[in-house]
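Report on one structure; see the data block that follows.
Labels below follow one simple rule: chain letters A, B, ... track the order of the sequence lines, proteins then strands, and each chain is numbered from 1.
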There are 2 protein chains.
Amino acid sequence: MSQLRSVPTLDDVARAAGVSTATVSRCLNSPERVVEDTRKRVMSAVEHLGYTPNFGARVMAARRTFTIGAIIPTMENAIFARALQAFQEELHARGYTLLVASSAYQPEIEEEQIRSLVARGADGLLLIGHDRDPAVYDYLKSREIPVLSAWVYLPDTGQPAVGFDNRRSMFALAQQVIDFGHRRIAMISGITKGNDRAAGRVLGLRDALQANGLDPEAMPVIETPYGVENGADALRSLMQADARPTVVMCGNDVLAVGALRGAQDMGLSVPQDVSVTGFDDIELARIVTPQITTVHVPHREMGRKAAIALVDMVEKRSTGDVVELKSTLKIRGSLRDLNG
Amino acid sequence: MSQLRSVPTLDDVARAAGVSTATVSRCLNSPERVVEDTRKRVMSAVEHLGYTPNFGARVMAARRTFTIGAIIPTMENAIFARALQAFQEELHARGYTLLVASSAYQPEIEEEQIRSLVARGADGLLLIGHDRDPAVYDYLKSREIPVLSAWVYLPDTGQPAVGFDNRRSMFALAQQVIDFGHRRIAMISGITKGNDRAAGRVLGLRDALQANGLDPEAMPVIETPYGVENGADALRSLMQADARPTVVMCGNDVLAVGALRGAQDMGLSVPQDVSVTGFDDIELARIVTPQITTVHVPHREMGRKAAIALVDMVEKRSTGDVVELKSTLKIRGSLRDLNG
DNA sequence: TTGTAGGCGTTATCAC
DNA sequence: GTGATAACGCCTACAA
């Protein structure tokens, strides 16, 4: 009776097929090592009993979980959601399952999540950016757990990564802004502490100012957590300065949408009174009016390539490369050409 | 040598603390059953060796994984991301880890994901809606895996759920629209097959027409996958009809934003030429101009309560209740009051 | 090609 | 309060 209700094991299948457990195991894991005839018999027993390998036992015996952990700052930003979706799809195609956690942009939470995923036997880890306590990397190395960073391309670090150059991308956008005749430039950045993507974008903008004979130190920068409201608030305070900027460049599209809204709330029109730029090219950027000039980042491709690279590392086909993806400028209505 | 590099086990801790493995295990799992003195000794050995329990072994011995699986249609819609975030936070607080998968709104993919999560030993499952092959529920019941549905409140099904009444919510919004004097009403719905939330919203609108002496059958309805572009396309085709609707009610905010954009692309102004309504109340709804009239759904609360309810089921403190959350109307600029 | 048997690291049930 | 010890279900040399 109770036998009927309980979940079948390898033993049950073996008995039903009249073979040993080893043969059943082989049928499932390396079918080519079993002759067709017995394999058929075994498989039909598997089918009939509805057998599924016990996860814990498999993990323990094989010493791997076929699980990949990913820790992202937040699920609430579409860019991470989109990349993660592609990451998951690609993992799935390769027989891995995704374990996600979010850190809310807080290093301590991220460390806790890392330990938690490792404790759960993650075979590899995807993290965002490089900027974290080196002890974390030591810990992961001692556990021999491959780590891959996404969202960054900083080859000097030597850490495996699939990403783009935040600094150079922002430089390119800023150069375009300057070419359009803007000189009074302000920035609304995300919090840069512990966030090398945000920091890189600020540096890229400063680089561009410097390269064009403008004073990087003179540029007003407001750092604020990503969020529409925060962008609106920041814009308001920037526009209350004596010398109003002609353009406000934002660390991401969410801030930019907020800035746009903030401007409109003040009765300013974009881009006549002030231009606004973003970063990421989320759907939102094309939905608002005017559409936002931004840097397009290939999020899905990044997710997909990260999955491929990380699985290669886990399966020891690679020790971790540094892959660069290209970002592209999207010049849209929110940026005014002052020459035109 | 190799001993140094390898991950410490219970045995190592036991030896270091001069106790048995059973005592170490107890210290970790039910510390109150161990006297303070030895507990201290054990804990410091744990600390010192950097011991973490082996997940597979623990799962196998305890016969549970402390893992909850969730299958959502897509991570790319902010509503699921937000609810999932809250769900995860609450699970984490209760010592559970979240395993997520997405189905892309396709029943076959969902079934595959369900089996995959079960195979990985999920202690419980969160699904969206009730509408799926009964065989799925039989399967889960035979495995004794608790399932909770979110996003729906349909007490007649008897299935455990934490959600809201999609039909009644849409009815309320439609009543308001009718009270505002609208009579020529059209709808842009998500695909209703296999999606009881979308289907419920269509029914709610039809109910309202009926209740107000209008003909539900006469209402134009376009079904299309959720997406901004699809919303825009659908609006265009609705507005090409002989008798243009005065209001287009959409199955969610993403479609509504698309409809808004579609109208604007046609040179129509909202709400002067046509009103638009949405559903969900995502951030987007307040960012576009005009802001979208919609139904606010407490996504975070739903995620949190679902976590609490599901853990209670897993830990056998409950057999699964049906919890209703309240939605509220948000009347904003995209809906014109024709009486005014 | 197939079977035997040891081991994986915990938890939990007994005695002590 | 603590210590042996038997599962837990699978994988994988090694043997046949």
Side-chain angles (χ1 to χ4, degrees), chain A residues 2-3 6-43 45-46 49-67 95 118-123 143-144, chain B residues 2-3 6-43 45-46 49-67 95 118-121 123 143-144 315:
Chain A
S2 79
Q3 203 62 322
S6 92
V7 176
T9 71
L10 246 204
D11 238 18
D12 299 326
V13 178
R15 209 168 308 132
V19 297
S20 75
T21 60
T23 299
V24 179
S25 174
R26 272 191 291 260
C27 280
L28 267 28
N29 298 304
S30 36
E32 73 282 2
R33 303 181 55 97
V34 158
V35 87
E36 163 137 18
D37 197 41
T38 56
R39 188 172 58 223
K40 266 190 186 158
R41 201 148 31 95
V42 169
M43 288 322 237
V46 165
L49 294 175
Y51 168 77
T52 324
N54 176 290
F55 177 66
R58 181 205 275 272
V59 165
M60 187 137 96
R63 316 190 65 66
R64 40 189 313 216
T65 58
F66 290 94
T67 298
V118 168
R120 298 185 56 82
D123 292 335
R143 295 264 173 169
E144 300 181 55
Chain B
S2 80
Q3 202 63 324
S6 92
V7 177
T9 71
L10 249 205
D11 239 19
D12 298 327
V13 177
R15 210 168 308 130
V19 297
S20 74
T21 61
T23 300
V24 178
S25 175
R26 271 189 293 259
C27 279
L28 267 28
N29 298 303
S30 34
E32 74 282 2
R33 304 181 55 94
V34 155
V35 88
E36 162 136 19
D37 197 40
T38 57
R39 188 171 60 220
K40 267 188 186 162
R41 202 146 31 97
V42 169
M43 289 319 238
V46 165
L49 294 174
Y51 167 79
T52 326
N54 176 291
F55 177 67
R58 179 204 277 270
V59 166
M60 185 138 98
R63 314 185 68 61
R64 43 193 307 219
T65 59
F66 290 95
T67 298
V118 168
R120 299 185 60 81
D123 292 334
R143 295 265 171 168
E144 300 182 58
E315 298 181 349

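Remark: P of C:dG9 and CE of B:Met60 are 11 Å apart, rounded to the nearest angstrom. Atom pair B:Phe66:CZ and C:dT11:P shows a separation of 9 Å (rounding to whole Å applied). Distance CZ (B:Phe55) to P (C:dT11): 12 Å, rounded to an integer number of Å. The distance between atom CD of A:Glu32 and atom P of C:dT2, rounded to the nearest whole Å, is 13 Å. Atom-to-atom, CG of B:Asp11 to P of D:dG3 comes out at 13 Å; the value is rounded to the nearest Å. A straight line from CG of A:Leu49 to P of D:dG9 spans 15 Å, rounded to a whole angstrom. For the pair A:Asn54 CG and C:dC8 P, the computed distance is 18 Å after rounding to whole Å.
Of all the heavy atoms in B:Gly56 and A:Val59, the pair that sits closest is CA-CG1, 3.8 Å. Pairing each heavy atom of A:Pro8 with each of A:Gly50, the nearest pair is CG-O, 4.0 Å. Taking all atoms of both residues into account, the shortest heavy-atom contact from A:Phe55 to B:Arg120 is CD2-O, 3.3 Å.
No side-chain heavy atom of A:Val7 sits less than 4.5 Å from a side-chain heavy atom of A:Tyr51. Using a 4.5 Å heavy-atom threshold, the side chains of B:Ser25 and B:Leu10 count as touching. With contacts defined as side-chain heavy-atom distances shorter than 4.5 Å, the pair A:Thr21/A:Val24 does not qualify. Contact of the B:Val19 side chain with the B:Val42 side chain is registered, since non-hydrogen atoms from C-beta on lie closer than 4.5 Å.
Using a 4.0 Å heavy-atom cutoff across all strands shown, A:Val19 reaches sugar-phosphate atoms only and no base atom. Within 4.0 Å (heavy atoms only), A:Tyr51 reaches sugar-phosphate atoms of the nucleic acid but no base atom. Nucleic acid contact for A:Val34: sugar-phosphate only, since backbone atoms but no base atoms lie under 4.0 Å from a heavy atom of the residue. Counting non-hydrogen atoms under 4.0 angstrom, B:Leu10 reaches a base of the nucleic acid.
Within the structure, every side-chain polar atom (N or O) of B:Arg33 is placed at least 4.0 Å from both OP1 and OP2 of D:dT2. Distances shorter than 4.0 Å separate some side-chain N or O of B:Arg63 from OP1 or OP2 on D:dG9. Between B:Thr38 and the phosphate of D:dT2, there is a side-chain N or O to OP1/OP2 separation shorter than 4.0 Å.
Residues A:Arg39 and A:Thr23 have side chains that never bring a donor and an acceptor to within less than 3.5 angstrom of each other. With hydrogens and angles left out, the side-chain atoms of B:Thr65 and B:Asp123 include a donor and acceptor closer than 3.5 Å.
When distances are taken from the side chain of A:Val35 to each of D:dG9, C:dT10, C:dT1, the shortest belongs to C:dT1. Minimum atom distance to the side chain of B:Ala22 is reached by D:dA4, of the listed D:dA4, C:dA5, D:dG9. Listed candidates were C:dG9, C:dT4, D:dA4. Nearest to the side chain of B:Ser20 is D:dA4.
Note on A:Arg41 versus A:Asp37: no salt bridge recorded, every NZ/NE/NH1/NH2 to OD/OE distance being 4.0 Å or above.
Residues from residues 23-30 of chain B with heavy atoms under 4.0 angstrom of DNA chain C, sorted by number: B:Ser25, B:Asn29.
Comparing the local axis fitted to the first five base pairs of the helix from C:dT1-D:dA16 to C:dC16-D:dG1 with the one fitted to its last five gives a bend of 30°, rounded to 10°.
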